[in-house]
Amino acid sequence: MVSPSLVSPEQRFAAALKQAQAAGEIRPEVDCDRLARLLQAQVIGLRCFTERATDAAHFVELAEDMGALLATYLTP
């Protein structure tokens, strides 16, 4: 077994997404590996965004928007 600290965030996202898909929480046609890459890219972008001098409310709004985008992958 690989140490959790050696597993990339993308791999952890993929594993969690596949588990959620198996539980019926994510639509069956969703490619979990692809969605994991999207999540990782969003996290990286969010980190970059927070490094800018910006209003905390903007950060919260952006995180909420990202969550809304991800909701489209959920089982209705």
Side-chain angles (χ1 to χ4, degrees):
M1 179 171 196
V2 177
S3 168
S5 64
L6 299 177
V7 178
S8 75
E10 184 181 316
Q11 290 170 316
R12 289 193 297 268
F13 283 142
L17 290 167
K18 289 174 185 176
Q19 189 175 24
Q21 192 174 48
E25 298 171 357
I26 293 178
R27 295 191 333 256
E29 70 273 14
V30 171
D31 180 339
C32 291
D33 292 322
R34 183 175 179 178
L35 182 54
R37 286 189 295 276
L38 175 62
L39 281 170
Q40 180 63 16
Q42 288 183 328
V43 168
I44 291 168
L46 198 56
R47 284 183 188 161
C48 291
F49 187 80
T50 61
E51 291 176 6
R52 293 178 30 199
T54 187
D55 186 336
H58 293 161
F59 173 76
V60 171
E61 290 171 349
L62 181 58
E64 289 172 349
D65 291 342
M66 290 168 58
L69 290 172
L70 294 174
T72 64
Y73 294 93
L74 300 177
T75 304

statement: Between the CD atom in Gln42 and the CG atom in Leu35, the distance rounded to the nearest 0.5 Å is 8.5 Å

- line: Heavy-atom closest pair (Tyr73 atom, Ile26 atom, distance to 0.1 Å) is O-CG2, 3.4 Å

What pairs of donor and acceptor atoms, side-chain ones from residues 61-72 against any protein atom, are under 3.5 angstrom apart with sequence neighbours left out?
{"residue": "Thr72", "atom": "OG1", "partner": "Leu69", "partner atom": "O", "Å": "2.7"}

field: Least distance between heavy atoms, Arg27 atom then Thr75 atom
entry: N-OG1, 3.4 Å

- prompt: Backbone N or O of Val30 within a donor-acceptor pair of the Gln21 side chain at under 3.5 Å?
  reply: yes

Approximate separation, where rounding is to 0.5 Å, of Arg12 CZ and Leu17 CG: 13.0 Å

task: Could you give me the CA-CA distance, side-chain angles and deciding distance for Leu46 and Phe59, then say whether side chain to side chain contact (heavy atoms under 4.5 Å, CB included) is met?
output: CA-CA 8 Å; Leu46 198 56; Phe59 173 76; 3.4 Å; yes

- request: Please name the pair of heavy atoms, one in Asp33 and one in Ala14, separated by the smallest distance, quoted to 0.1 Å.
  value: OD1-CB, 3.5 Å

message: Which heavy atom of Glu10 sits nearest to which heavy atom of Ala36, and what is that distance?
response: O-CB, 3.5 Å

- prompt: In the hydrophobic clustering that connects Ile, Leu, Val, Met, Phe, Trp and Tyr at side-chain heavy-atom distances below 4.5 Å, which members other than Ile44 occupy its cluster, ordered by chain and number?
  reply: none

task: I would like to know whether Arg47 and Val43 meet side chain to side chain contact (heavy atoms under 4.5 Å, CB included); could you show each step before the answer?
output: CA-CA 6 Å; Arg47 284 183 188 161; Val43 168; 4.0 Å; yes

